[in-house]
Student: 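First the structure, then my questions, so here it is.
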2 protein chains.
Amino acid sequence: MALNTPTLETPVTTADKIFDLMLHAIVDGTIPSGNKISEPELAKQYEVSRSTLREALNRLEKCHLIERKANVGSRVVECTIESLLEIYVVRESLEGMACRQAAIHMTDEEITDMQNMLKQHATSQALKDGVAYYQEEGDLDFHYKVILGSHNKQLINILCGQLYHLVRMYRIQFGMNSPRATRAFDEHSRIVEAIKDRDGELAELLMRRHIAASRKNIEKKIAQLNTEI
Amino acid sequence: MALNTPTLETPVTTADKIFDLMLHAIVDGTIPSGNKISEPELAKQYEVSRSTLREALNRLEKCHLIERKANVGSRVVECTIESLLEIYVVRESLEGMACRQAAIHMTDEEITDMQNMLKQHATSQALKDGVAYYQEEGDLDFHYKVILGSHNKQLINILCGQLYHLVRMYRIQFGMNSPRATRAFDEHSRIVEAIKDRDGELAELLMRRHIAASRKNIEKKIAQLNTEI
DNA sequence: AATAAATGAAGTGTCGACAATTTTGCACGT
DNA sequence: ACGTGCAAAATTGTCGACACTTCATTTATT
């Protein structure tokens with residue numbers, strides 16, 4: 001149920017496993033953002049050949065988690081505020097559309113499944129009411145389900161395969177367990193309602209507002225941080 | 001000026017060159033859509049080692065032009081109507097947002113540059129007036145400029161780096177030099193106007209309509225084809 | 001005869017070594 | 001002391017060979 005393993009396909013080849021390991025290491029900051037990646041060093045560390053490591057690097061590049069320059073090398077993508085805001089712009093656009101498509105294409109079963117998930121969030125939120133972290137996990141879960149509900153492979157690929165790792169990385173590294181938990185939950189509820197009503201236009205509008213609100217929340221925090229200093 | 005080389009970075013390494021060659025081969029159908037890719041065969045054909053070829057395959061996978069399954073192999077992505085329509089949905093969303101961002105972030109120079117390009121399209125269109133192909137190139141050029149105008153790296157990456165090769169592939173393989181040339185030109189003009197007025201909301205709306213119109217045009221054609229048979 | 005197991009061929013994944021490029025460090029000269 | 005140029009070291013790109021998986025054909029068993 002919970003989104004503990006963000007990699008959908010089970011790793012079969014060793015390059016897959018190295019990819020998984022490095023993915024988590026980069027997302028949680030074990031391999032710091034902006035760091036240069038030494039192929040020989042990491043190959044030795046993970047006890048694989050350089051070819052295998054490079055295969056993993058290729059997939060990390062596909063997720064926009066590392067950047068490569070020919071004959072120079074790879075480095076972990078830099079976590080900047082600008083980049084974070086850019087991602088939110090893309091999410092607002094894409095997840096909004098995903099939400100519209102979900103209102104069109106989701107099956108009734110999928111919708112009730114999502115409603116049940118929300119109910120569960122409601123109770124667990126009531127229990128821990130102040131604690132935002134769990135709700136954050138639930139937030140990811142919710143967005144995930146909406147995206148899959150679009151039944152649009154291109155959308156799913158871009159959002160789940162690429163952007164979401166970046167989103168998780170920023171959340172963890174910037175420590176953004178935002179205090180928007182209860183408000184986010186209300187917003188989720190309304191979105192589900194719109195989807196249930198098959199009102200694609202409203203669903204898109206609400207999702208865009210929801211994500212834009214998160215973005216503005218971040219912008220506000222940044223502004224506060226800047227004035228405090 | 002024209003978009004003859006869709007690869008932005010000049011290829012330096014041999015894997016880059018093989019990637020370029022295969023990219024064009026796949027886009028124009030020399031390597032047919034849906035085909036299985038034999039690594040030993042293609043390596044011999046391009047006269048490179050399998051490692052180098054695999055490096056190129058990795059980048060093609062990044063563009064969603066091929067799909068890989070572990071221990072089984074790669075095949076060129078299948079050109080289906082459903083997938084084409086899915087791409088248009090993503091484009092409507094992302095390019096709409098790119099257009100909104102362009103209205104915010106484009107410099108005055110970039111805007112006048114785009115206006116000049118449109119003027120040039122107008123004259124060359126008057127000359128060839130019936131011929132749609134050139135306008136199609138111009139269409140891609142226009143969209144390209146808007147995307148770059150968003151100044152959003154994430155958007156640029158996804159649209160120019162990944163989706164646009166797919167779009168070109170479908171255009172060429174489905175022979176979609178659509179008769180919307182003159183109408184598309186008018187729509188482009190209005191979009192530029194909105195950007196010039198710094199009206200992001202309108203710019204996004206117009207771009208979404210523009211792309212949605214293309215999509216509906218395709219849907220109509222498909223419907224016609226189905227009734228004719 | 002039909003299904004299942006086995007065997008072989010073909011293809012993909014992984015490895016270590018070599019070639020080409022970039023970076024580093026040192027010597028030299030101004 | 002500083003900048004320039006060269007040489008050596010380190011790193012990336014490329015190659016060919018080997019290991020393992022998958023698929024097809026053949027063989028054996030019920």
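The chains referred to below are lettered A, B, ... by the order of the sequence lines, with proteins before strands, and numbering in each begins at 1. Bear in mind the structure is a predicted one, so any value in this text is a computation, not a measurement.
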Student: Quick check on C:dG13: is either OP1 or OP2 less than 4.0 Å from any side-chain nitrogen or oxygen of B:Arg68?
Tutor: yes
Student: Verify the distance criterion only: is there a donor paired with an acceptor across the side chains of A:Ser83 and A:Tyr170 at less than 3.5 Å?
Tutor: yes
Student: Between B:Ser51 and D:dC15, is there a side-chain N or O to OP1/OP2 distance below 4.0 Å?
Tutor: no
Student: Does a side-chain N or O of B:Lys36 approach OP1 or OP2 of C:dT12 to a distance below 4.0 Å, or not?
Tutor: yes
Student: Phosphate oxygens OP1/OP2 of D:dA10: is one of them under 4.0 Å from a side-chain N or O of A:Ser38?
Tutor: no
Student: Can A:Ser93 and B:Ser93 be counted as having a side-chain donor-acceptor contact under 3.5 angstrom?
Tutor: yes
Student: For A:Arg54 and D:dG13, is the shortest distance between a side-chain N/O and OP1 or OP2 below 4.0 Å?
Tutor: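 So the side-chain polar atoms of A:Arg54 do come within 4.0 Å of the phosphate oxygens OP1 or OP2 of D:dG13, strictly under.
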Student: With a 4.5 Å limit on heavy-atom distance, are the side chains of A:Arg198 and A:Ile111 in contact?
Tutor: yes
Student: Select one nucleotide: of C:dC15, C:dT23, C:dG13, the one nearest the side-chain heavy atoms of A:Val48.
Tutor: C:dC15
Student: Can you spot which of B:Ile195, B:Val146, B:Leu94 makes a side-chain contact (heavy atoms from CB on, under 4.5 Å) with B:Met207?
Tutor: B:Val146
Student: For A:Glu41 and D:dT12, give me the distance from atom CD to atom C1', rounded to whole Å.
Tutor: 15 Å
Student: Counting just side-chain N and O atoms, does B:Thr14 come under 4.0 Å of either OP1 or OP2 of D:dG13?
Tutor: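 Answer is no, no contact under 4.0 Å.
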Student: Distance check needed: D:dT11 P versus A:Asn71 CG, whole Å only.
Tutor: 15 Å
